[in-house]
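The next block holds one structure in the form of structure tokens; read it before the comments.
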Amino acid sequence: MITVEKLSQENLNAHSLDHFIRHQVVTECWRRVDGQWGLYPIAFTEDWDLEKLRANAQALADGLEAGMLGFGAFDGDRLVGYITLGAQALGSRGQYRQLVDFQVSQEHRGLGVGRQLFTRLCSEAKSMGIPKLYISAHSSKESQAAYRRLGCVHAEEIIPAIAEEEPCDVQMEYPL
């Protein structure tokens with residue numbers, strides 16, 4: 001049974017992602033060419049090794065300490081998914097908070113874990129008075145389909161510093 005809990009020093013440490021499987025075979029990605037969005041044959045495989053997993057676990061812990069909000073999906077005591085929200089207001093009117101991380105371990109994808117995490121984060125963000133989430137989303141066909149199923153749309157306003165960090169990502173938002 002999967003439980004969703006607020007991430008904290010009590011349930012997150014440098015080894016929390018040691019068994020996490022961040023594996024994705026990508027064959028097509030969305031790109032904007034001449035002002036039009038289209039799917040293009042861009043193939044690669046994303047795999048995180050133990051070093052990357054531990055670096056991400058440490059980055060999660062550091063982010064929480066710096067004021068980020070995060071939730072984890074746990075299968076027993078194993079962290080199998082997580083989502084985080086940045087602490088800084090963004091956008092010309094401060095209308096955004098960035099969805100910083102959103103990952104579900106491969107063996108738990110397609111089971112509603114991501115939706116549980118997203119729903120919980122959105123509920124908390126809305127109660128904090130945050131109008132919209134800002135998402136620099138992976139451009140793969142599968143990732144974009146998942147964000148669309150959650151109700152995310154292209155961002156009305158692009159945050160240049162975020163877009164420049166990952167130029168192939170699709171800048172999206174989710175109104176709360």
Side-chain angles (χ1 to χ4, degrees), residues 7 12 14 16-17 20-72 79 81-106 109 114 117-118 121-122 124-125 128 130-148 150-176:
L7 290 173
L12 180 70
S16 290
L17 297 177
F20 200 91
I21 302 171
R22 175 59 177 101
H23 177 82
Q24 183 175 3
V25 176
V26 175
T27 58
E28 293 180 291
C29 290
W30 286 94
R31 294 289 188 269
R32 189 176 184 142
V33 177
D34 298 326
Q36 298 294 316
W37 285 100
L39 270 175
Y40 292 87
I42 300 169
F44 60 94
T45 300
E46 267 195 68
D47 267 313
W48 291 356
D49 62 14
L50 186 59
E51 183 179 339
K52 173 84 171 166
L53 290 166
R54 288 187 177 163
N56 282 3
Q58 187 60 57
L60 273 172
D62 293 346
L64 294 173
E65 193 170 306
M68 238 174 25
L69 171 67
F71 291 95
L79 182 62
Y82 57 94
I83 191 167
T84 61
L85 185 69
Q88 180 182 359
L90 303 168
S92 59
R93 301 175 311 283
Q95 72 272 29
Y96 293 121
R97 288 281 184 92
Q98 185 183 8
L99 190 155
V100 178
D101 290 298
F102 188 18
Q103 301 288 339
V104 175
S105 191
Q106 184 181 30
R109 292 182 199 150
L117 286 165
F118 190 79
L121 182 83
C122 288
E124 185 79 15
M128 296 166 62
I130 297 168
K132 297 180 180 185
L133 301 183
Y134 186 87
I135 307 153
S136 184
H138 197 288
S139 63
S140 73
K141 178 173 73 173
E142 296 80 8
S143 294
Q144 284 296 299
Y147 280 111
R148 296 274 175 199
L150 292 169
C152 301
V153 297
H154 287 282
E156 290 178 2
E157 181 181 338
I158 303 297
I159 309 298
I162 295 172
E164 289 165 9
E165 227 175 88
E166 291 287 346
C168 292
D169 277 6
V170 178
Q171 305 307 300
M172 304 183 87
E173 68 179 44
Y174 182 80
L176 300 167

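Sequential numbering from 1 along the given sequence is applied to the chain's residues. Values below: all heavy atoms of this structure, side chains included; hydrogens, waters and symmetry mates excluded.
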Backbone N or O of Val104 within a donor-acceptor pair of the Arg109 side chain at under 3.5 Å?
yes
Steps toward side chain to side chain contact (heavy atoms under 4.5 Å, CB included) verdict (Val153, Arg148):
CA-CA 7 Å; Val153 297; Arg148 296 274 175 199; 4.3 Å; yes
Out of curiosity, Leu60 CG to Met68 CE, how far, rounded to the nearest 0.5 Å?
5.5 Å
Test side chain to side chain contact (heavy atoms under 4.5 Å, CB included) on Leu121 and Tyr174 and set out the steps.
CA-CA 12 Å; Leu121 182 83; Tyr174 182 80; over 6 Å; no
Using the side chain to side chain contact (heavy atoms under 4.5 Å, CB included) rule, pick out the option among Glu166, Met172, Glu164 that qualifies with Ser136.
Glu166
Value for CD (Gln103) from CD1 (Ile21), rounded to nearest 0.5 Å, stands at 13.0 Å
Roughly how far apart are Leu90 CG and Glu173 CD, rounded to 0.5 Å?
12.5 Å
Rounded to the nearest 0.5 Å, how far does CD1 of Ile42 lie from SG of Cys168?
6.5 Å
Decide side chain to side chain contact (heavy atoms under 4.5 Å, CB included) for Phe118 and Leu133; before the verdict, give the C-alpha distance in whole Å, the side-chain angles of both, and the deciding distance to 0.1 Å.
CA-CA 11 Å; Phe118 190 79; Leu133 301 183; 4.0 Å; yes
Of all the heavy-atom pairs spanning Leu7 and Gly72, show the shortest one and how long it is.
CG-N, 3.6 Å
For the residue pair Glu157 and Gln95, confirm or rule out a side-chain donor-acceptor distance under 3.5 Å.
yes
I would like to know whether Arg22 and Lys52 meet side chain to side chain contact (heavy atoms under 4.5 Å, CB included); could you show each step before the answer?
CA-CA 10 Å; Arg22 175 59 177 101; Lys52 173 84 171 166; over 6 Å; no
Distance check, rounded to the nearest 0.5 Å: Glu46 atom CD versus Ser140 atom OG?
8.0 Å
Sub-4.5 Å side-chain heavy-atom contact between Val170 and Tyr147
no
On a heavy-atom basis, which atom in Ala61 and which in Leu12 lie closest, and how many Å separate them?
N-CD2, 3.7 Å
Does atom CD of Gln106 have more than 12 heavy-atom neighbours from other groups under 6.0 Å away?
yes
Is the ring pair Phe20/Trp48 parallel, tilted or perpendicular, if the boundaries are 30 and 60 degrees?
parallel
Shortest non-hydrogen contact from Ser139 toward Asp169:
N-OD1, 4.4 Å
Considering all heavy atoms of both residues, which atom of Ile158 and which atom of Tyr134 are nearest to each other, and what is their separation?
CA-OH, 3.7 Å
State, to 0.1 Å, how close Met128 and Leu69 come at their nearest heavy-atom pair, and which atoms those are.
SD-CD2, 4.1 Å
Under 4.5 Å between any side-chain heavy atoms of Ile130 and Leu85, yes or no?
yes
Less than 4.5 Å apart, side chain to side chain, heavy atoms only: is that true for Val26 and His138?
yes
Quick check: closest heavy atoms across Tyr96 and Ala155, and the distance to 0.1 Å?
OH-CB, 4.2 Å
Tell me which one of Gln144, Arg31, His154 satisfies side chain to side chain contact (heavy atoms under 4.5 Å, CB included) with Trp37.
His154
Drop me the distance from Trp30's CH2 to Tyr40's OH, to the nearest 0.5 angstrom.
9.5 Å
